> 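Dropping a structure here in structure tokens format, bear with me for questions.
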Amino acid sequence: MRKPSDLTEVDQNSATTTGTQTLARGLSVLQAVAGGARELMEISRVVGTTRSTTHRLASCLVQERYLRFTANVGYALGPKLIELGFQAREEISLTVVARPYLDQLAEQSGDTIHLAIRDADDVLYLDKIPGKKGLEMRSRVGHRMPIATTGVGKALMLGLQEDEWKNLYQKRNTAANSDTSKLLQKRSWTEFRDQMRQYTAGGYAFDLEDNEPSIRCVAAPIYDARHMIVAAISVSSTVPYMSLKRMQSLIDTVKLAASGISGELGATVTRMQRAS
């Protein structure tokens, strides 16, 4: 049997390719189970592998605790993923340093508070503090929404060039399960661009019922030590509690909280002012 050092470059590349394919298929099995596939044949159909290959991958994942299998239920996500999920969340220092500022903002406003980051063309919510007015919003931790239709999303876009604004504007769509007939008519690209220019100059962003009926919010970006926008926060409420006059009055409050979080991440006031 040849030692690893004896393998030719072709052999090594072939082994790497095979290993990559196996990893990709294993991840596909996890995704299939996460999507609701429980039986081996169903997982095989979703992943596009033979029954024997799927069984081998699933058995390995069960052994490593990424999946669990019970006769009555079939395959399900395993405890290892729960452990990694909690570990990943704990290691996101942003949520830790931001929480005191979010709590203070929630106490000051009495409204719903969000913390979010960009994920491709969406915003990903990392934290949420429900308001004190008994209002329900569809946002939740781990949920994604279109970046160009949300207040936090527009705040995340403030550091981008106008051609990137246009690209995200064109990709925008209404989040699933929303009643588009109740939303305000979408602004034209020119209106959207002019609005974003105003937000960029002021270092804040509004959501004027662009994403959810009757919901308005005031948002501001969070910077890191590179003076790059890495996250955003927002204060959200319904139209009766969030008049345009009140939204204007909240701008400085939200920006101050965002500035505090930015400082925790190494940003300086001068550099943030220059970036905005």
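Please read these numbers as outputs of a predicted model, since none were measured by experiment. We number each residue from 1, following the sequence as shown.
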> Treating Tyr75 as the side-chain partner and Phe69 as the backbone partner, does any N or O pair qualify as donor plus acceptor under 3.5 Å?
no
> Under a 4.5 Å cut-off applied to non-hydrogen side-chain atoms, are Glu164 and Met157 in contact?
no
> Supply the atom-to-atom distance Met145 CE to Arg140 CZ, rounded to the nearest 0.5 angstrom.
8.0 Å
> Can you tell if the side chain of Lys128 reaches within under 4.5 Å of the side chain of His143, non-hydrogen atoms only?
no
> Might you point out which heavy atoms bring Val230 and Asp224 nearest each other, and give the distance in Å?
CG1-OD2, 3.3 Å
> According to a hydrophobic-cluster definition based on side-chain heavy atoms being under 4.5 Å apart (Ile, Leu, Val, Met, Phe, Trp, Tyr only), do Met228 and Tyr204 belong together?
no
> For Gln63, is the CD atom crowded, meaning more than 12 foreign heavy atoms sit under 6.0 Å from it?
no
> CD1/Ile222 to CG/Leu115 distance, rounded to the nearest 0.5 angstrom?
5.5 Å
> Answer whether the closest heavy-atom distance between the side chains of Val29 and Leu67 falls below 4.5 Å.
yes
> Check the hydrophobic clustering (I, L, V, M, F, W, Y; side-chain heavy atoms under 4.5 Å; chains of links allowed) and say if Leu81 and Leu23 are grouped together.
yes
> Nearest heavy-atom pair of Gly159 and Ile229: which atoms, and what distance?
N-CD1, 3.4 Å
> Please assess Met242 against Leu250 for the test side chain to side chain contact (heavy atoms under 4.5 Å, CB included), listing each intermediate value before the final yes or no.
CA-CA 10 Å; Met242 193 66 83; Leu250 282 170; 3.7 Å; yes
> Applying salt bridge (charged side-chain N to carboxylate O under 4.0 Å, His left out), name anything that partners Arg51, two or more places apart in sequence or on another chain.
none
> Considering all heavy atoms of both residues, which atom of His114 and which atom of Ser139 are nearest to each other, and what is their separation?
NE2-OG, 2.6 Å
> Quick one about Ser52 and Thr50 (side-chain donor to acceptor, distance below 3.5 Å, no hydrogens or angles considered), yes or no?
yes
> Under 4.5 Å between any side-chain heavy atoms of Asp103 and Arg99, yes or no?
yes
> Looking at Ser44 and Thr54, would you say the former's side chain and the latter's main chain have a donor-acceptor pair under 3.5 Å?
no
> Can you give me the closest heavy-atom contact between Val254 and Ala219, atom names plus distance?
CG1-C, 4.0 Å
> Any donor-acceptor pair under 3.5 Å linking the side chain of Glu209 with the backbone of Ser214?
yes
> Do the side chains of Leu84 and Leu61 join up, straight or via other hydrophobic residues, at under 4.5 Å, putting them in one cluster?
yes
> Would you compute the distance between atom CG of Leu77 and atom CD of Gln31 and round it to the nearest 0.5 angstrom?
11.0 Å
> Quick one: does Ser28's side chain have a donor or acceptor within less than 3.5 Å of a partner on Ala24's backbone?
yes
> With rounding to the nearest 0.5 Å, note down the distance linking CZ in Arg65 to NZ in Lys80.
6.0 Å
> What's the shortest heavy-atom distance between Ile43 and Ala37, and which atoms?
CG1-CB, 3.7 Å
> Provide the full list of salt bridge (Lys or Arg N to Asp or Glu O under 4.0 Å) pairs with a residue in residues 39-48, sequence neighbours left out, each pair given once.
none
> Roughly how far apart are Asp163 CG and Lys166 NZ, rounded to 0.5 Å?
9.5 Å
> Pairs in or reaching into residues 193-204: which pass salt bridge (Lys or Arg N to Asp or Glu O under 4.0 Å), with residues at least two apart or in two chains?
Glu162-Arg197, Asp194-Arg197
> What are the two closest non-hydrogen atoms of Phe206 and Gln248, and how far apart are they?
CE1-NE2, 3.7 Å
> Which residue, Ile251, Ile233, Thr253, forms the side-chain contact (heavy atoms from CB on, under 4.5 Å) with Val218?
Ile251
> Are His55 and Ser59 close enough that some pair of their side-chain heavy atoms sits under 4.5 Å apart?
yes
> Under 3.5 Å, side chain of Ser109 to main-chain N/O of Asp111, donor-acceptor pair present?
yes
> Scan Tyr199, Trp165, Tyr169 and name whichever one has a ring pair (Phe, Tyr, Trp, His ring centres under 6.0 Å) with Phe192.
Tyr169
> Does Tyr101 belong to the same Ile/Leu/Val/Met/Phe/Trp/Tyr cluster as Ile129, with side-chain heavy atoms less than 4.5 Å apart forming each link?
yes
> Quick one: do Leu265 and Leu156 end up in the same hydrophobic cluster if we chain Ile, Leu, Val, Met, Phe, Trp and Tyr together by side-chain heavy atoms under 4.5 Å apart?
yes
> Can you tell me how far the OG1 atom of Thr149 sits from the CG atom of Leu208, to the nearest 0.5 Å?
12.0 Å
> Does Arg25 use its side chain to pair, donor to acceptor, with the backbone of Leu57 at less than 3.5 Å?
no
> Please tell me if the side chains of Leu94 and Asp127 come closer than 4.5 Å, counting only heavy atoms from C-beta onward.
no
> Backbone N or O of Val123 within a donor-acceptor pair of the Asp119 side chain at under 3.5 Å?
no
> Checking the side chain of Arg68 only, and the main-chain atoms of Val62 only, is there a donor and an acceptor separated by less than 3.5 Å?
no
> Is Ser262 reaching over with its side chain to a backbone N or O of Tyr223, donor-acceptor style, under 3.5 angstrom?
yes
> Please list all pairs passing the salt bridge (Lys or Arg N to Asp or Glu O under 4.0 Å) test where one or both residues lie in residues 229-245, with sequence neighbours left out.
none
> So, the side chain of Gln198 versus the backbone of Gln195: is there a donor-acceptor pair under 3.5 Å, distance only?
no
> According to side-chain contact (heavy atoms from CB on, under 4.5 Å), who are the partners of Asp207, at least two apart in sequence or on a separate chain?
Asp210, Asn211, Cys217
> Which residues satisfy the ring-ring contact (aromatic ring centres under 6.0 Å, His included) test with Tyr241, sequence neighbours excluded?
none
> Do Arg118 and Leu160 come within less than 4.5 Å of each other through their side chains, counting heavy atoms only?
yes
> Contact between Val152 and Ile117 at the side-chain level, heavy atoms closer than 4.5 Å - yes or no?
no
